[in-house]
Structure formats: structure tokens, C-alpha cells
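Down below is the structure, laid out as C-alpha cells.
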Amino acid sequence: MKKLITFVFALVCVFALASCGENDTYKISITVPAGSTAAFVYSDEEISATDDKIIISSGEGLGDTEVLLSPVNENVETGYVATYLTPGMPVEFDAVQGEWFKIGVSMQNDTDTDKIVYVEVEGVEVRIE
């Protein structure tokens with residue numbers, strides 16, 4: 001009986017540790033100011049890669065657009081270019097761990113009220129500016 005309990009406990013520990021490496025998906029909001037004609041608008045939240053890839057998906061309120069990673073540290077040159085993003089087809093960026101970025105989307109707002117759109121991001125940790 002002791003061996004069975006030890007075996008079951010070991011299995012529980014293995015499954016618990018296996019789930020520790022899973023990437024969480026974060027929902028990042030981007031506010032497009034009223035009357036904005038800027039080429040890109042950026043998130044207030046900042047992201048940093050936890051692995052070698054950052055995956056960005058279209059979220060609530062966001063249609064076809066371009067997405068871009070912009071470094072928070074002005075001394076960093078990323079080499080990232082705007083990538084086409086469409087709902088249902090996530091984009092993947094190669095990432096450098098430890099560097100912080102803001103997510104930008106190409107979206108204008110010709111209305112009198114701010115619009116809030118969302119992207120979903122995997123493989124990152126998030127902090128607020």
C-alpha cells in the first residue's frame with residue numbers, strides 16, 4: 001500500500017511540474033485615441049519573451065491589420081518589421097529574452113471616442129508601463 005501511495009504521489013508531482021512550463025496567453029489592450037491618424041498605436045503594457053518566440057493573435061475588436069514590436073529601451077535596435085495580422089492566423093516573432101517591447105497595431109480612429117482593441121500574446125511576461 002505504501003508503494004502505491006508513493007507511486008501516485010510521484011505521478012501527481014510529475015504532472016504538476018510538467019504544467020509549469022506551459023505558456024500563458026495574455027490579453028493586451030491597445031487604445032486607439034479619438035481622431036488618431038497615427039501609423040501605429042501602442043499598448044500601455046510591455047512584454048518580454050520567456051522563450052525564443054512571441055506569438056501574437058488578433059483579439060476582440062481587431063480586424064486585419066499590421067502588428068509591430070517596438071523596443072522600450074531606445075538603445076535597442078530590433079530589426080522587427082510590421083507583420084500582417086488577420087483574425088485566426090497568429091504571427092510569430094523571433095525574440096530575445098530580457099528585452100522589453102510594446103505592441104503596436106496599425107489602426108486609425110476617425111470617430112469622436114476612443115476605441116479599445118485587443119491582441120492575445122503567448123510566450124511572454126507582462127508588465128505595465
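The figures that follow rest on heavy atoms only: side chains count, while hydrogens, waters and symmetry mates do not. This one's a predicted model, so the numbers in the text were calculated from it and none came from an experiment.
Other residues sharing a hydrophobic cluster with I55 under the 4.5 Å side-chain heavy-atom criterion for ILVMFWY residues do not exist; the residue is a singleton. Side-chain contacts under 4.5 Å among hydrophobic residues (ILVMFWY), followed directly or transitively, place W100 together with V72.
Put simply, the side chain of T37 never gets that close to the backbone of G35: no donor and acceptor are under 3.5 Å apart. T111 contributes a side-chain N or O that, together with a main-chain N or O of T113, makes up a donor-acceptor pair within less than 3.5 Å. Distance alone, capped at 3.5 Å, is enough to place a donor-acceptor pair between the D114 side chain and the A34 backbone.
E120 is linked by a side-chain hydrogen bond (donor to acceptor under 3.5 Å, both in side chains) to nothing, counting only residues two or more places apart in sequence or in another chain. Partners of S106 under the side chain to side chain contact (heavy atoms under 4.5 Å, CB included) rule, at least two apart in sequence or in another chain, are F40, T65, E66, Q108. Residues meeting the side chain to side chain contact (heavy atoms under 4.5 Å, CB included) test with D52, sequence neighbours left out: none. When the side-chain hydrogen bond (donor to acceptor under 3.5 Å, both in side chains) test is applied to K102, the partners found at least two apart in sequence or on another chain are E129. With sequence neighbours excluded, the residues satisfying side chain to side chain contact (heavy atoms under 4.5 Å, CB included) with V96 are E99. Applying the side-chain hydrogen bond (donor to acceptor under 3.5 Å, both in side chains) criterion to D110, with sequence neighbours excluded, gives no partner residue. Legend: residues meeting salt bridge (Lys or Arg N to Asp or Glu O under 4.0 Å) with D94, ordered by chain and number and at least two apart, are K53. D44 meets the side-chain hydrogen bond (donor to acceptor under 3.5 Å, both in side chains) test with no other residue; sequence neighbours excluded. For E46, the salt bridge (Lys or Arg N to Asp or Glu O under 4.0 Å) test picks out R127, with sequence neighbours left out.
One finds the CD atom of E125 at 14.0 Å from the CD atom of E45 (value rounded to the nearest 0.5 Å).
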Please tabulate, for the side chains in residues 57-64, all donor-acceptor contacts under 3.5 angstrom to protein atoms that are two or more places apart in sequence or on a different chain.
unit_1 : atom_1 : unit_2 : atom_2 : d
S58    : OG     : L62    : O      : 2.8
E60    : OE1    : K27    : NZ     : 3.2
D64    : OD1    : T86    : OG1    : 2.4
D64    : OD2    : Y84    : OH     : 2.7

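The ring of F101 has its center closer than 6.0 angstrom to the ring center of Y80.
Residues L85 and I56 come closest through the heavy atom pair CD1-O, 3.6 Å. The nearest pair of heavy atoms linking I28 to V121 is CG1-CG2, 3.8 Å. Closest approach of S29 and S43 over heavy atoms only: O-CB, 3.7 Å.
Y26 and Y118 are members of different hydrophobic clusters when ILVMFWY side chains are connected at heavy-atom separations under 4.5 Å.
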